[in-house]
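So that the names make sense, note that chain A is the first sequence line, chain B the second, and so on, each numbered from 1. For the numbers below, each heavy atom of this structure counts, side chains included, while hydrogens, waters and symmetry mates do not.
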Amino acid sequence: MWAFHTPQPTQPPSLFNPPRSPPKPPSSSLTLNPSTDTSTPNNNQLIQSLCKKGNLKQALKLLSHEPNPSQRTYELLILSCAHQNSLSLAQSLHSHISENGFDEDPFLVTKLINMYADLDSLDDARKLFDKTRKRTIFVWNALFRALTLAGFGEEVLGLYRKMIKVGVPSDRFTYTYVLKACVASECLVSLLKKGKEIHAHILRHGFETHVHVMTTLVDMYARFGCVAQASFVFKNMPVRNVVSWSAMIACYAKNEKPFEALELFREMIIETRDSVPNSVTMVSVLQACAALSALEQGKLIHAYVLRRGLDSVLPLISALITMYARCGELELGQRIFDRMKKRDVVSWNSLISSYGIHGYGKKAMQIFQEMIREGVSPSPITFVSVLGACSHAGLVEEGKGLFDAMRKVHGIIPSVEHYACMVDLLGRANRLEEAARIISEMRIEPGAKVWGSLLGSCRIHCNIELAERASHRLFQLEPLNAGNYVLLADIYAEAEKWDDVKRVRKLLETRSLQKVAGRSWIEVKRKMYSFVSVDEFNPQIEKIQSLLIKLSAEMKEKGYKPQTKVVLYDLEENEKERILLGHSEKLAVAFGLINTNKGETIRITKNLRLCEDCHSFTKFISKFTNKEILVRDANRFHHFQNGVCSCEDYW
DNA sequence: TCCGCAACTT
């Protein structure tokens with residue numbers, strides 16, 4: 001039955017039916033020799049010390065000679081099985097424990113459930129729980145933990161209801177698990193309502209003073225994107241620690257509130273003495289800088305990281321590489337990577353995606369190959385990064401090859417993200433039929449990301465038929481995402497199907513959704529300036545507008561043609577031109593021209609994809625004014641210099 | 001006696 005070789009094959013039958021007798025008192029001596037005496041009362045201690053040394057097989061061998069294994073002995077054996085990742089040994093040990101009558105010991109049941117969770121054998125954990133009669137809160141919690149970790153959130157919530165029904169009171173651990181269960185669902189159901197109910201239970205039972213419970217609550221709201229609720233809970237916490245602060249900062253950083261994240265970080269440093277930011281806190285702070293492309297802020301944060309001696313923490317270094325790359329400083333990121341003494345897969349992923357967003361697809365692929373040569377196993381995210389890089393650079397065949405190798409060579413099953421990358425890769429390259437075929441051949445349910453990629457490509461290549469198919473699915477999958485309606489309306493508009501445009505815009509209205517406004521921002525002397533079309537308040541707005549009008553007129557003489565077709569309203573040409581000059585990105589460029597010194601690069605970030613007119617306008621400007629202009633749009637970087645863009649007009 | 005929170009890479 002044991003999965004290892006035992007030198008005494010005559011023993012077994014009695015192995016699982018040892019005589020029952022009370023455990024003998026432990027001896028103080030530990031100087032036993034197993035080869036000369038295998039059945040002394042101190043076998044327990046010997047087994048335990050073998051477990052501690054990691055010699056599980058030897059320990060199990062000895063167990064077969066021990067008539068009275070103690071609870072402690074079993075405990076160490078269980079931990080050893082989990083540690084050695086051996087399910088078959090674990091199951092045999094479990095039978096041994098049952099046959100010795102220890103399977104009603106809640107202590108060992110808890111340990112066994114945890115062990116099965118570590119070994120990813122949820123069925124064993126469930127079965128054990130089902131036949132356990134003495135279900136202490138420890139046993140319940142262990143199962144909640146196991147199921148939550150594996151993503152069976154709904155099952156946990158069902159069991160939680162049962163637990164309340166049978167009258168077992170929750171403790172602080174129960175609350176952290178069931179809160180996490182709300183966001184750990186395999187299916188895409190929203191368990192926010194459940195989470196709010198549990199929030200109410202927590203308050204009713206007086207757990208609002210428990211830091212861990214309340215921090216988990218903050219994190220739960222954060223993951224649902226309920227920033228206001230998360231911040232409400234956080235502000236009302238009677239006790240906070242570095243983890244609570246980090247959770248709230250991460251909440252802002254992940255939910256498109258980078259300013260708030262930086263502000264809270266500032267508050268944390270100034271107002272608290274006992275909650276000093278750690279490397280985890282700093283990762284979120286760097287993410288906020290990256291989201292804003294706030295290079296100067298980012299450098300200050302980097303200096304802080306160095307002062308605090310946090311610069312050898314791997315995830316933090318990856319965040320630094322990403323921050324510099326997203327702020328346009330690819331070389332600084334590369335330099336940090338070069339100086340790393342130790343690198344993990346995340347460090348490589350960061351570098352690969354950095355080259356990807358700058359449009360260097362070939363280079364990203366080279367780094368990928370180098371990583372493989374160094375013996376680092378790629379993760380699913382590695383492929384998202386490198387496929388994304390291929391997509392930005394139009395490397396269709398290379399991307400297809402990588403997608404193939406991912407399965408065949410690296411044994412990674414493609415996820416929705418990978419399919420979305422492939423659809424994007426093919427779609428951008430105007431191979432829309434091929435992209436649609438990939439979707440129809442998918443073995444998993446194509447989610448919103450996949451259809452979204454297709455719709456985005458249809459927008460670029462104005463394919464109405466496929467766009468209608470994609471948006472039909474998207475309207476079901478994410479009815480509240482305004483972007484999908486806007487894309488479809490834009491496609492109709494470009495084809496001058498004004499009735500359809502009206503119909504889709506009406507749909508947007510009836511669902512009371514708001515089109516996300518195009519926004520651009522620029523950092524000048526450590527201050528961020530943000531622009532939303534013409535009417536945004538800015539003290540220099542008149543100066544900006546007159547500069548744009550002047551430049552536009554001058555550039556027209558040199559061959560610049562306003563791409564009025566991007567204005568998707570049925571208007572006169574000159575009116576369209578006026579609208580074009582109000583695009584946020586042009587305002588930011590003009591602001592940059594006015595407020596930067598000669599030779600200084602203009603760095604702009606835009607929340608949406610760059611429009612064709614802004615793209616050609618900025619190319620002209622870069623030549624006309626002899627300025628380097630770096631623009632990061634929703635997808636990638638555009639490096640404008642001397643009239644050309646690094647994307648080679650493929651974006 | 002057993003159990004717990006936050007982070008990175010798309």
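- The side chain of A:I381 lies closest to B:dT9 when the candidates are B:dT9, B:dT1, B:dC5.
- Across all strands shown, A:T110 has heavy atoms under 4.0 Å from base atoms, whether or not it also approaches the sugar-phosphate.
- For A:E417, counting side-chain heavy atoms from C-beta on, the closest listed nucleotide (B:dA6, B:dC3, B:dT10) is B:dT10.
- Comparing B:dC5, B:dA7, B:dC3 by their nearest atom to the side chain of A:Y177 picks out B:dC3.
- Atom CG of A:L286 is separated from atom C1' of B:dT9 by 14 Å (rounded to the nearest Å).
- Here A:N278 lies in heavy-atom contact (under 4.0 Å) with a base.
- Across the protein-nucleic acid pair, A:L149 atom CG and B:dC5 atom C1' stand 13 Å apart, rounded to whole Å.
- To the nearest angstrom, C1' of B:dT10 lies 16 Å from CD1 of A:I321.
- Side-chain atoms of A:T382 and A:S385 form no donor-acceptor pair, as typed in the model, at a separation below 3.5 Å.
- The side chain of A:V283 has B:dC8 as its nearest neighbour among B:dC8, B:dT10, B:dT1.
- Side-chain contact of A:Q334 with A:D338: a donor-acceptor pair under 3.5 Å is present, judged by distance alone.
- Listed candidates were B:dC5, B:dT9, B:dA7. Nearest to the side chain of A:T322 is B:dT9.
- Across all strands, A:R223 comes closer than 4.0 Å only to sugar-phosphate atoms, never to a base (heavy-atom distances).
- Taking atom CE of residue A:M371 and atom P of nucleotide B:dT9, one finds them 16 Å apart after rounding to whole Å.
- A:R72 comes within 4.0 angstrom of no nucleic acid atom, judged by non-hydrogen atoms across all strands.
- Heavy atoms of A:K254 sit under 4.0 angstrom from primed sugar atoms or phosphate atoms, though from no base atom.
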A:I137 and A:M163: CA distance, side-chain angles, deciding distance, side-chain contact (heavy atoms from CB on, under 4.5 Å) verdict: CA-CA 9 Å; A:I137 188 65; A:M163 190 185 95; 3.8 Å; yes

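- The interatomic distance linking A:D344 (CG) with B:dA7 (P) rounds to 17 Å, in whole Å.
- Residue A:D219 is in sugar-phosphate contact alone, with no base atom involved, counting any heavy-atom pair closer than 4.0 Å across all strands shown.
- The listed nucleotides are B:dA7, B:dT9, B:dC3; the one nearest the side chain of A:R145 is B:dC3.
- Tested against A:E104 for a salt bridge (charged side-chain N to carboxylate O under 4.0 Å, His left out), the candidates A:R135, A:R133, A:K134 yield a single pass: A:R133.
- Atom CZ in A:F173 sits about 9 Å away from atom P in B:dC5, given to the nearest Å.
- Rounded to a whole Å, the CG atom of A:N141 is 12 Å from the P atom of B:dC5.
- The residue A:Q287 sits close only to the backbone: its heavy atoms come under 4.0 Å of sugar-phosphate atoms, none of a base.
- With distances taken from any side-chain atom of A:Q71 to the nucleotides B:dA7, B:dT1, B:dC3, the minimum falls on B:dT1.
- Put simply, A:K180 has a side-chain N or O that comes within less than 4.0 Å of OP1 or OP2 on B:dA6.
- Applying the 4.0 Å criterion to OP1 and OP2 of B:dA7, one finds that A:S279 has every side-chain N and O outside that range.
- For A:F107, the side-chain atoms get nearest to B:dT1 when compared with the rest of B:dT1, B:dT9, B:dT10.
- If you check every strand for non-hydrogen atoms under 4.0 Å, A:T176 touches nothing.
- Heavy atoms only, all atoms of each residue included: A:R632 and A:A291 are closest at NH2-O, 3.1 Å.
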Could you go step by step and tell me if A:Y116 and A:L122 meet the side-chain contact (heavy atoms from CB on, under 4.5 Å) rule? CA-CA 6 Å; A:Y116 281 131; A:L122 275 297; over 6 Å; no

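- Picking from B:dA6, B:dT9, B:dC3 the nucleotide with the shortest atom distance to the side chain of A:N349 gives B:dT9.
- Between the P atom of B:dT10 and the CE atom of A:M422 lies a distance of 19 Å, rounded to the nearest Å.
- The structure places CH2 of A:W140 at 11.5 Å from OH of A:Y160, a figure rounded to the nearest 0.5 Å.
- Here A:K111 does not reach the OP1 or OP2 of B:dT1: none of its side-chain N or O atoms lies under 4.0 Å away.
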